[in-house]
Visitor: 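Before I ask anything, let me first share the structure, which is written out below as structure tokens.
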Amino acid sequence: MTATKGLEGIVATTSSISSIIDGVLTYRGINIDDLAEQASFEEVVYLLWFGKLPTQSELDQLNKDLVENAAVPSQILEQLKMYPKGVNSMAALRTAISSLALYDKEANEMSREANVRKAIRLQAQVGTIVAAFARIREGKEPIAPKSGVSLAHNFLYMLTGEQPEDIAVEALNKALVLHADHELNASTFAARVTVATLSDIYSGITSAIGALKGPLHGGANEAVMAMLEEIGTADNVESYVNRKLENKEKLMGFGHRVYKNGDPRAKHLMKMSEELGKITGNMNWFNMSTQIEELVTSKKGLKPNVDFYSASVYTSLRIPRDLFTPIFAISRMSGWTAHILEQYENNRLIRPRAEYTGPATAPYVPIEKR
Ligand code: CMC
């Protein structure tokens with residue numbers, strides 16, 4: 001038995017949800033470029049869950065279900081108020097989502113219908129939790145979700161208490177579409193491994209959030225912004241990048257396990273970053289980002305991934321840096337839940353082997369003789 005480090009190139013399951021073939025990403029066969037330009041996030045949620053684009057009445061029903069389920073149990077809001085000051089936002093989200101199971105009477109009901117209902121509740125409530133957490137830690141009261149608006153609109157509204165501008169809603173909608181699913185990425189794999197034991201959907205999502213939190217995965221978008229802030233101005237870019245490369249340190253937002261010729265999502269975020277920079281009158285983050293991209297690509301051959309330009313996009317939307325990864329989770333909730341539903345449909349325990357590298361045999365030495 002020989003291990004493949006990081007399971008690179010290992011095909012661990014079949015899936016009909018999303019594919020990456022020759023560098024092209026599709027959701028249910030539809031190119032991500034078309035979805036990014038034309039779809040609402042809610043249409044994508046439907047597509048991922050049910051395998052086809054919704055008709056108008058199917059979309060209306062989903063929107064209604066999402067709105068009706070957007071409020072979280074009051075106990076969750078009370079719990080958020082009790083979290084220690086300065087707690088990590090992804091840790092808070094992981095704990096709150098896990099706690100949702102305690103207030104869901106269907107938490108352990110395993111029929112497909114019940115799991116779809118739970119997927120709707122999770123998708124509807126994840127943004128409410130992130131926005132409530134962000135307000136509570138600033139000593140503000142959480143804002144109840146409103147009806148008749150998109151998930152992107154509602155999130156921005158619940159975060160600020162203000163009517164968001166159309167351009168901000170559009171940008172967030174596009175970012176949610178682009179992050180919604182990505183084949184067997186680490187967090188989705190974690191979710192599938194957990195539910196393949198026939199554990200419940202909340203356990204699967206809790207595992208997924210834990211995996212997304214890391215800086216090699218979803219945590220990279222926050223790390224990119226931290227890098228841009230550390231660099232400060234365009235004058236410092238070259239020396240910063242050179243130093244990182246010389247020290248063999250990673251530049252956040254670059255590289256990918258699957259894409260070697262560039263992440264197809266990055267160009268959409270780059271365009272948005274430029275547009276929002278122009279609208280806000282602050283091109284600094286975009287200009288620094290393009291300069292970093294040029295240097296890293298020419299010196300190391302690495303291309304930006306989805307996380308690189310999303311950092312400046314969210315900053316232009318005036319979203320605090322430590323909410324970037326929770327926003328990734330709001331979007332990926334759709335993909336995670338779709339994969340969990342798919343795993344339950346055709347389940348087998350996921351239990352690979354390990355290549356043993358310890359001693360072949362070792363004696364048991366009684367404690368008094370060690
Ligand atoms: N900066 C500098 N060098 C890099 C980078 C980077 N961002 N990414 C890869 N390399 C180098 C790495 O040092 C190694 O070089 P060498 O062969 O000389 O040792 C080579 O490229 C292969 O890297 P690896 O880490 O073995 O590749 P991997 O497939 O295991 O990791 C990755 C993929 C995305 C974790 C990695 O590229 C990385 O750490 N990137 C930075 C973090 C990041 O942006 N993560 C977001 C990923 S995309 C969205 C998501 O999934 O959330």
Side-chain angles (χ1 to χ4, degrees), residues 3-12 17-20 23 25 27 32 36 89-90 93 175-192 207-228 230-231 237-238 240-270 273 289 291-314 321-336 339:
T4 304
K5 199 169 180 196
L7 298 182
E8 180 164 7
I10 301 289
V11 179
I17 300 172
S18 63
S19 71
I20 305 167
L25 172 63
Y27 298 165
I32 187 71
S89 54
M90 282 296 278
L93 179 63
L176 295 178
V177 168
L178 289 167
H179 288 80
D181 197 44
H182 206 222
E183 203 221 43
L184 208 55
N185 60 90
S187 55
T188 299
F189 187 51
R192 289 189 80 129
S207 298
I209 295 174
L212 187 74
K213 178 173 178 283
L216 297 188
H217 190 8
N221 54 15
E222 289 180 44
V224 170
M225 201 57 223
M227 171 175 77
L228 293 174
E230 189 188 337
I231 298 173
V237 165
E238 192 158 2
Y240 180 93
V241 171
N242 287 341
R243 195 173 65 248
K244 284 274 175 187
L245 292 178
E246 274 158 27
N247 294 341
K248 300 221 170 300
E249 286 174 54
K250 285 198 163 164
L251 283 132
M252 287 303 169
F254 285 91
H256 201 275
R257 173 64 65 79
V258 182
Y259 302 117
K260 297 303 170 198
N261 289 317
D263 182 330
R265 302 165 295 179
K267 59 180 179 293
H268 296 284
L269 290 151
M270 180 188 185
S273 168
S289 301
Q291 221 181 317
I292 297 170
E293 177 182 348
E294 244 173 71
L295 284 166
V296 177
T297 304
S298 65
K299 293 188 178 216
K300 187 82 187 168
L302 288 166
K303 304 254 169 71
N305 58 47
V306 72
D307 291 313
F308 188 62
Y309 285 100
S310 61
S312 42
V313 166
Y314 297 146
R321 188 173 94 197
D322 73 341
L323 296 189
F324 295 1
T325 314
I327 289 174
F328 195 154
I330 293 172
S331 167
R332 190 55 60 83
M333 183 64 79
S334 58
W336 291 330
H339 278 266

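As the structure lists them, so they are numbered: ligands from 1, and atoms in each ligand from 1. Predicted, not measured: the structure shown is a model, and the values here were computed from it. Keep in mind that the numbers below use all heavy atoms, side chains included, and drop hydrogens, waters and symmetry copies.
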Visitor: Side chain to side chain contact (heavy atoms under 4.5 Å, CB included), that's the test. Do M227 and K244 meet it? Break it down for me.
Guide: CA-CA 11 Å; M227 171 175 77; K244 284 274 175 187; 5.9 Å; no

Visitor: Considering all protein heavy atoms, does one lie under 4.0 Å from atom 45 (N) of ligand 1?
Guide: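 Protein heavy atom within 4.0 Å of atom 45 (N) of ligand 1: present.
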
Visitor: Would you mind listing which atoms of ligand 1 come within a distance below 4.0 Å of any non-hydrogen atom of G218?
Guide: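 What qualifies from ligand 1 is 52 (O).
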
Visitor: Given K248, E249, K250, which has its nearest heavy atom closest to atom 25 (O) of ligand 1?
Guide: K250

Visitor: Who's the nearest protein heavy-atom neighbour of atom 16 (P) of ligand 1, and how far?
Guide: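 Residue, atom and distance for the closest contact: K300 NZ, 4.9 Å.
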
Visitor: Can you confirm whether the side chains of S334 and D181 place a donor and an acceptor under 3.5 Å from each other?
Guide: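 There is no such pair between these side chains.
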
Visitor: Please evaluate residues F254 and K300 with respect to the criterion side chain to side chain contact (heavy atoms under 4.5 Å, CB included), reporting the C-alpha separation (whole Å), side-chain torsions for both, the decisive distance (0.1 Å), and the verdict.
Guide: CA-CA 10 Å; F254 285 91; K300 187 82 187 168; over 6 Å; no

Visitor: Is the number of heavy atoms from other residues, nucleotides or ligands within 6.0 Å of CG (N261) greater than 12?
Guide: no

Visitor: What's the shortest distance from atom 4 (C) of ligand 1 to any protein heavy atom, and which residue and atom give it?
Guide: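 For atom 4 (C) of ligand 1, the nearest protein heavy atom comes out as L302 CD1, 3.3 Å.
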
Visitor: Among all protein heavy atoms, pick the one closest to atom 34 (C) of ligand 1 and tell me residue, atom and distance.
Guide: G255 O, 3.8 Å

Visitor: Using distance alone, with no hydrogens and no angle criterion, decide if N185 and R332 have a side-chain donor and acceptor under 3.5 Å apart.
Guide: yes

Visitor: As a test of the contact definition, would atom 27 (O) of ligand 1 count as having a protein heavy-atom neighbour under 4.0 Å?
Guide: no

Visitor: Counting each atom of ligand 1 from 1 as listed, which ones have a heavy atom of P215 under 4.0 Å away?
Guide: 42 (C), 45 (N)

Visitor: Give the contacting part of F328 toward ligand 1: side chain, backbone, both or neither, where contact means a heavy-atom distance below 4.0 Å.
Guide: side chain

Visitor: Checking E183 against S18: is there a side-chain donor and acceptor pair closer than 3.5 Å?
Guide: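 Side-chain D/A pair, S18 to E183: absent.
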
Visitor: I'd like to check V306 versus H179 (side-chain heavy atoms, cut-off strictly below 4.5 Å). Are they in contact?
Guide: yes

Visitor: Give the atoms of ligand 1, by number and element, whose distance to some non-hydrogen atom of G253 is under 4.0 Å.
Guide: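 Ligand 1 atoms under the 4.0 Å threshold to G253: 43 (C), 44 (O).
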
Visitor: Taking the side chain as C-beta and beyond, is there a heavy-atom pair between P326 and E222 under 4.5 Å?
Guide: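 Yes, side chains in contact.
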
Visitor: Considering non-hydrogen atoms of the protein only, which is the closest contact for atom 1 (N) of ligand 1, and what is the distance?
Guide: L251 N, 2.9 Å

Visitor: Considering non-hydrogen atoms of the protein only, which is the closest contact for atom 51 (O) of ligand 1, and what is the distance?
Guide: H217 ND1, 2.9 Å

Visitor: Who's closest to atom 49 (C) of ligand 1 heavy-atom-wise, of D307, V296, N305?
Guide: D307

Visitor: Assess G219 for proximity to ligand 1: is some non-hydrogen atom of it under 4.0 Å away?
Guide: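 Heavy atoms of G219 never come under 4.0 Å of ligand 1.
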
Visitor: Hey, is atom 40 (N) of ligand 1 under 4.0 Å from any protein heavy atom?
Guide: yes

Visitor: Would a distance-only check, ignoring hydrogens and angles, find a side-chain to backbone donor-acceptor pair under 3.5 Å from R321 to A311?
Guide: no

Visitor: To which protein heavy atom is atom 43 (C) of ligand 1 closest, and what is the distance rounded to 0.1 Å?
Guide: A220 CB, 3.5 Å

Visitor: Tell me, which protein residue and heavy-atom name are nearest atom 29 (O) of ligand 1, and how many Å apart are they?
Guide: R257 NE, 2.7 Å

Visitor: Would you mind checking which non-hydrogen protein atom is closest to atom 42 (C) of ligand 1, with the distance to 0.1 Å?
Guide: M252 SD, 3.5 Å

Visitor: Would G6 count as a contact of ligand 1 if the rule is a heavy atom under 4.0 Å away?
Guide: no

Visitor: Look at atom 14 (C) of ligand 1 and say whether a protein heavy atom is found at less than 4.0 angstrom from it.
Guide: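 No.
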
Visitor: Once you round to the nearest 0.5 Å, how far does NZ of K267 lie from CD1 of I32?
Guide: 9.0 Å

Visitor: Would you check, one step at a time, whether the test side chain to side chain contact (heavy atoms under 4.5 Å, CB included) holds for F308 with L269?
Guide: CA-CA 8 Å; F308 188 62; L269 290 151; over 6 Å; no

Visitor: Which of the atoms of ligand 1 are close to V306, meaning less than 4.0 Å from one of its heavy atoms?
Guide: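 Near V306, meaning under 4.0 Å from one of its heavy atoms, ligand 1 has 49 (C).
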
Visitor: Please round to the nearest 0.5 Å and tell me the distance separating atom OG of S207 and atom CZ of R192.
Guide: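 One finds 14.0 Å between OG of S207 and CZ of R192.
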
Visitor: Hey, could you give me the CG/CD1 distance between L25 and I20, rounded to the nearest 0.5 Å?
Guide: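 Between atom CG of L25 and atom CD1 of I20 there are 6.0 Å.
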
Visitor: Less than 4.5 Å apart, any side-chain heavy atom of Y309 and any of V224?
Guide: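 Result no, sub-4.5 Å side-chain heavy-atom pair not found.
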
Visitor: Under a 4.0 Å heavy-atom limit, does A223 contact ligand 1 with its side chain, its backbone, both, or neither?
Guide: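 It is neither; nothing of A223 touches ligand 1.
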
Visitor: Distance below 4.0 Å between atom 19 (O) of ligand 1 and any protein heavy atom?
Guide: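 It does not; no protein heavy atom is within 4.0 Å.
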
